[in-house]
Peer 1: 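Just passing along the structure, written as structure tokens.
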Amino acid sequence: MNVPTTAELQDLYYRMLRIRRAEEAIAARYAEQHMRCPTHLCIGEEAIAVGVCAHLTESDKVFSNHRGHGHYLAKGGSLVGLIAELYGLAAGCCGGRGGSMHLSDLSAGFIASTPIVGGTVPVAAGYAWGEQRRNSNNVVVVFFGDGCFEEGVLHETMNFAVLKKLPLVMVCENNQYSVMTPLYERQPARDIYQIAAAHGLQAVSGDGNKVEHVHALAENAIAAARNGEGPQFLELHTHRWPEHCGPNEDDELGYRMPGELLAWKQRCPLLHTGRTLADAGVGAEVLLEIEQRVGAEIAEAFSEALAGPAPALASMERHVYV
């Protein structure tokens, strides 16, 4: 398993921190009621998006779900475009039409995210089939949660992907919950990735909170898909800190086991990577500089996004497809 160099790990830390601080800023401003769309935050899960997308080229494609901010930013999406989209402004990546759960940015290779559980999975397979038929050498990645594994369309898609040996990487972010229902109340005691393997995919499981581990597993999976070895499946274990939908934490509701959220916070991807960098000799002043750089970048992005106009009424018929 290839291990990122210290310089690579430092860059991965920056990318994770950028997602974390952007989402924290979104959460802090959400109560102002100017973001008129539901938001599903990925705080606590940043290592998966960053570790996977680190191996994608500009021409590779990504599909996501309702919890897609991190995937979008990790694929190279515009921070200003994301923020403006949440506010329904013209500079948004969808021109203010989509909001948090309907991100799309073809220039970044981020094709679509939708709130329909499993909705992007067969579309991603279709896109991968198109790439294969064009002999493009591009890979398609689709992110989804453990709740999606209960959707029939996912299993139909896995069957088709194996049949056609598609250049598709399926990434299951197993955060243990579907809304407020834990995995053990929804599925038998079994490993998700082994079910994917039974469908014929090359499938592995790993710690989704250790970015160097995700990075290594994703490198192998993406290379295999690109080399014509067929679809790949990654089951990566993680945990979302906030409520299912919204800016707040909701541990007081009691659907998690006592101490469960705290235990996952102690496995924070940023804490883990910060300690790894310190052990490699990276000084605290370097991490502080990254923190300051990210803070300035996010403040500037909010300022730029909010200074822009609302969509013009005359643009209503744009981006409508038949």
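Remember, it's a predicted structure, so these values are computed and weren't measured experimentally.
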Peer 1: Main chain of Met16, side chain of Glu46: is a donor-acceptor contact present, judged purely on distance under 3.5 Å?
Peer 2: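 Side chain of Glu46 to backbone of Met16: no pair is present.
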Peer 1: Taking atom types as modelled and ignoring hydrogens, do the side chains of His237 and Ser205 form a donor-acceptor contact shorter than 3.5 angstrom?
Peer 2: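 Ser205 and His237 do have a side-chain donor-acceptor pair below 3.5 Å.
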Peer 1: Go through Asn209 and Trp264 one step at a time and tell me if the side-chain contact (heavy atoms from CB on, under 4.5 Å) criterion holds.
Peer 2: CA-CA 9 Å; Asn209 279 21; Trp264 277 101; 3.7 Å; yes
Peer 1: At what distance, to the nearest 0.5 angstrom, does CG of Leu79 lie from CZ of Arg21?
Peer 2: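 Going from CG on Leu79 over to CZ on Arg21, the span is 14.0 Å.
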Peer 1: Once you measure the plane-to-plane angle for His55 and His215, does it fall in the parallel (<30°), tilted (30-60°) or perpendicular (>60°) bin?
Peer 2: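 Tilted, since the angle between the ring planes falls between 30° and 60°.
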Peer 1: Could you give me the CA-CA distance, side-chain angles and deciding distance for Asn137 and Arg226, then say whether side-chain contact (heavy atoms from CB on, under 4.5 Å) is met?
Peer 2: CA-CA 6 Å; Asn137 201 39; Arg226 201 182 303 280; 3.4 Å; yes
Peer 1: Just verifying a value: how many Å separate Asn227 CG and Ile222 CD1, rounded to the nearest 0.5 Å?
Peer 2: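 Separation between the atoms: 11.5 Å.
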Peer 1: State, to 0.1 Å, how close Ala197 and Ala203 come at their nearest heavy-atom pair, and which atoms those are.
Peer 2: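 Distance-wise, the nearest heavy atoms are N-CB, 4.0 Å.
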Peer 1: Taking the ring of Phe149 and the ring of His155, is the distance between their centroids below 6.0 Å?
Peer 2: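 Ring centres of Phe149 and His155 closer than 6.0 Å.
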Peer 1: So, are Arg293 and Glu297 salt-bridged, with charged N and O less than 4.0 Å apart?
Peer 2: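 The answer is no: the pair does not qualify as a salt bridge.
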Peer 1: Write down the atom of Cys42, the atom of Ile19, and the distance for their closest heavy-atom approach.
Peer 2: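 Scanning both residues completely, I find the closest heavy atoms to be SG-CG2, 3.9 Å.
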Peer 1: Arg67 side chain to Leu41 main-chain N or O, any donor-acceptor pair under 3.5 Å?
Peer 2: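 Here the side-chain-to-backbone pair exists.
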Peer 1: Is there side-chain contact between Gln10 and Leu287, with heavy atoms separated by less than 4.5 Å?
Peer 2: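 Heavy-atom side-chain distance check fails, nothing below 4.5 Å.
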Peer 1: More than 12 heavy atoms of other residues, nucleotides or ligands under 6.0 Å from CD of Glu58: is that the case?
Peer 2: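 No.
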Peer 1: If only atom types and distance count, is the side chain of Ser64 paired as donor or acceptor with the main-chain N or O of Phe143 below 3.5 Å?
Peer 2: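 Here the side-chain-to-backbone pair does not exist.
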Peer 1: Are the side chains of Phe233 and Ile195 in touch, meaning some heavy atoms are under 4.5 Å apart?
Peer 2: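 SC-SC contact between Phe233 and Ile195 ruled out.
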Peer 1: Indicate if Val153 and Leu201 have the same hydrophobic cluster label, given that clusters are the connected sets of ILVMFWY residues with side-chain heavy-atom separations under 4.5 angstrom.
Peer 2: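 Not linked; separate clusters.
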Peer 1: Mark yes or no for whether Ser113, through its side chain, and Gly68, through its backbone, hold a donor-acceptor pair below 3.5 Å.
Peer 2: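 No, because the side chain of Ser113 does not come within donor-acceptor range (under 3.5 Å) of the backbone of Gly68.
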Peer 1: Can we say Asp207 and Arg267 salt-bridge, meaning some charged N sits less than 4.0 Å from an Asp/Glu carboxylate O?
Peer 2: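 Yes, Asp207 and Arg267 are salt-bridged.
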Peer 1: May I ask you to decide if Ala299's main-chain N or O and Ser303's side chain share a donor-acceptor pair within less than 3.5 Å?
Peer 2: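 No; zero donor-acceptor contacts below 3.5 Å.
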Peer 1: Donor-acceptor pair, Glu131 side chain versus Ser136 backbone, under 3.5 Å?
Peer 2: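 Flag not set: sc Glu131 to bb Ser136 has no pair under 3.5 Å.
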Peer 1: Output, in order, the C-alpha distance, side-chain angles, deciding distance and verdict of ring-ring contact (aromatic ring centres under 6.0 Å, His included) for Tyr255 and Tyr177.
Peer 2: CA-CA 10 Å; Tyr255 63 89; Tyr177 284 89; 5.5 Å; yes
Peer 1: Take atom CG in Leu163; do more than 12 heavy atoms of anything else shown fall under 6.0 Å from it?
Peer 2: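 For Leu163, atom CG is crowded (more than 12 foreign heavy atoms under 6.0 Å).
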Peer 1: Does some side-chain heavy atom of Arg36 sit less than 4.5 Å from a side-chain heavy atom of Leu86?
Peer 2: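 Heavy-atom side-chain distance check fails, nothing below 4.5 Å.
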Peer 1: Within the structure provided, determine whether Asn65 and Val117 are in side-chain contact (heavy-atom separation under 4.5 Å).
Peer 2: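 The answer is no; the side chains never approach within 4.5 Å.
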Peer 1: Indicate whether any N or O donor in one side chain lies under 3.5 Å from an N or O acceptor in the other, for Glu173 and His71.
Peer 2: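 On atom types as modelled, these side chains qualify, holding a pair under 3.5 Å.
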Peer 1: For Ser107, is there any backbone N or O sitting under 3.5 Å from a side-chain donor or acceptor partner on Asp105?
Peer 2: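 A pair under 3.5 Å: yes.
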Peer 1: If you compare all heavy atoms of Ile298 against all heavy atoms of Ala22, which two are closest, and at what distance to 0.1 Å?
Peer 2: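 Looking at all heavy atoms of both residues, the shortest contact is CD1-N, 3.2 Å.
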Peer 1: Nearest 0.5 Å, what's the OG1-OH distance between Thr273 and Tyr14?
Peer 2: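 Here the interatomic distance stands at 15.5 Å.
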Peer 1: Taking atom types as modelled and ignoring hydrogens, do the side chains of Asn175 and Thr238 form a donor-acceptor contact shorter than 3.5 angstrom?
Peer 2: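 Looking only at side-chain atoms, Thr238 and Asn175 do not form any donor-acceptor pair under 3.5 Å.
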Peer 1: Is the side chain of Thr5 donor-acceptor paired with the backbone N or O of Glu8 at a distance under 3.5 Å, no angle test?
Peer 2: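 Yes; judged by distance alone, with no hydrogens or angles, the pair exists.
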Peer 1: CD of Glu185 to CG of Leu183: how many Å apart, nearest 0.5 Å?
Peer 2: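 Atom-to-atom, Glu185:CD and Leu183:CG are 10.0 Å apart.
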Peer 1: Taking 4.0 angstrom as the limit, do Glu45 and Arg240 come out as a salt bridge?
Peer 2: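 Answer for the salt bridge query: no.
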Peer 1: Counting only heavy atoms not in Glu150 (residues, nucleotides, ligands), do more than 12 fall under 6.0 Å from its CD?
Peer 2: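 Buried by this count: over 12 neighbours within 6.0 Å.
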Peer 1: Inspect the surroundings of CZ in Arg134 and state if more than 12 heavy atoms from other residues, nucleotides or ligands are less than 6.0 Å away.
Peer 2: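 Enclosed: over 12 neighbouring heavy atoms sit under 6.0 Å from CZ of Arg134.
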Peer 1: Any side-chain heavy atom of Val3 sitting closer than 4.5 Å to one from Leu9?
Peer 2: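 They are not in side-chain contact.
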Peer 1: Decide if the gap between the ring center of His66 and the ring center of His244 is smaller than 6.0 angstrom.
Peer 2: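 Judged by ring-centre distance (under 6.0 Å), His66 and His244 do meet the cut-off.
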Peer 1: OH of Tyr30 to OG1 of Thr39: how many Å apart, nearest 0.5 Å?
Peer 2: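 The OH atom of Tyr30 sits 4.5 Å away from the OG1 atom of Thr39.
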Peer 1: Should the pair Lys75-Asp60 be classified as a salt bridge under the 4.0 Å nitrogen-to-oxygen rule?
Peer 2: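 Salt bridge absent between Lys75 and Asp60.
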Peer 1: Measure the shortest side-chain to side-chain distance between Val171 and Val142 over non-hydrogen atoms and say whether it is less than 4.5 angstrom.
Peer 2: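 A side-chain contact is absent here, since even the closest heavy-atom pair is not under 4.5 Å.
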Peer 1: Are Leu106 and Val140 co-members of a hydrophobic cluster defined by side-chain heavy atoms under 4.5 Å apart?
Peer 2: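 Same hydrophobic cluster.
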Peer 1: Side-chain contact test, heavy atoms from C-beta onward, threshold under 4.5 Å: evaluate it for Leu253 versus Asp250 and give yes or no.
Peer 2: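 A side-chain contact exists here, since the closest heavy-atom pair is under 4.5 Å.
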Peer 1: Show your reasoning for whether side-chain contact (heavy atoms from CB on, under 4.5 Å) applies to Val141 and Leu56.
Peer 2: CA-CA 9 Å; Val141 173; Leu56 299 179; 3.8 Å; yes
Peer 1: So does Arg15 pair up with Asp11, basic N to acidic O under 4.0 Å?
Peer 2: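 Counted as a salt bridge, because a side-chain N and a carboxylate O are separated by less than 4.0 Å.
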Peer 1: Are Ile26 and Val80 connected into the same hydrophobic cluster when the rule is that any two of I, L, V, M, F, W, Y join if their side-chain heavy atoms are below 4.5 Å apart?
Peer 2: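 No, no single cluster joins them.
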Peer 1: Would you please test Met101 and Thr114 for side-chain contact (heavy atoms from CB on, under 4.5 Å) and show each step?
Peer 2: CA-CA 6 Å; Met101 295 188 290; Thr114 72; over 6 Å; no
Peer 1: So which heavy atom on Pro269 is nearest to which on Ala47, and how close?
Peer 2: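 Closest heavy-atom pair between Pro269 and Ala47: CB-CB, 3.9 Å.
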Peer 1: Donor-acceptor pair, Lys61 side chain versus Ser59 backbone, under 3.5 Å?
Peer 2: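 Confirmed, Lys61 side chain pairs with Ser59 backbone.
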Peer 1: Could you check whether any side-chain heavy atom of Asn138 comes within less than 4.5 Å of a side-chain heavy atom of Pro167, counting everything from C-beta outward?
Peer 2: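 Asn138 does not reach Pro167 side chain to side chain.
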Peer 1: Identify the heavy atoms of Glu212 and Pro4 that sit nearest to each other, and give their distance.
Peer 2: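 For Glu212 versus Pro4, the nearest heavy atoms are CB-CD, 3.7 Å.
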Peer 1: Identify the heavy atoms of Ala49 and Ala74 that sit nearest to each other, and give their distance.
Peer 2: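 What the structure gives for the nearest pair is O-CB, 3.5 Å.
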Peer 1: For Gln176 and His239, which I'm curious about, is there any donor-acceptor pair between the side chains at under 3.5 Å?
Peer 2: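 No.
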Peer 1: Cation-pi check, Arg20 to Trp241: give yes when NZ or CZ is under 6.0 Å from the six-membered ring centre and within 45° of the ring axis, no otherwise.
Peer 2: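 Relative to the ring axis of Trp241, which defines the angle, Arg20 lies inside both limits.
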Peer 1: Would Phe110 and Tyr72 count as a close aromatic pair, with their ring centres under 6.0 Å?
Peer 2: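 Yes, the ring of Phe110 comes within the 6.0 Å limit of the ring of Tyr72, centre to centre.
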Peer 1: Quick check for you: to the nearest 0.5 Å, what is the distance between Ile48 atom CD1 and Cys172 atom SG?
Peer 2: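 The distance works out to 8.5 Å.
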Peer 1: Does the Glu249 side chain pair with the main chain of Pro242, one donor and one acceptor, at a distance under 3.5 Å?
Peer 2: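 Judged by distance alone, no pair lies under 3.5 Å.
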Peer 1: Output yes when Arg29 and Glu24 qualify as a salt bridge under the 4.0 Å nitrogen-oxygen rule, no when they do not.
Peer 2: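 Between Glu24 and Arg29 there is no salt bridge, as every charged N stays at least 4.0 Å from the carboxylate O atoms.
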Peer 1: Judged by modelled atom types alone, do Glu85 and His102 share a side-chain donor-acceptor pair under 3.5 Å?
Peer 2: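 On atom types as modelled, these side chains do not qualify, holding no pair under 3.5 Å.
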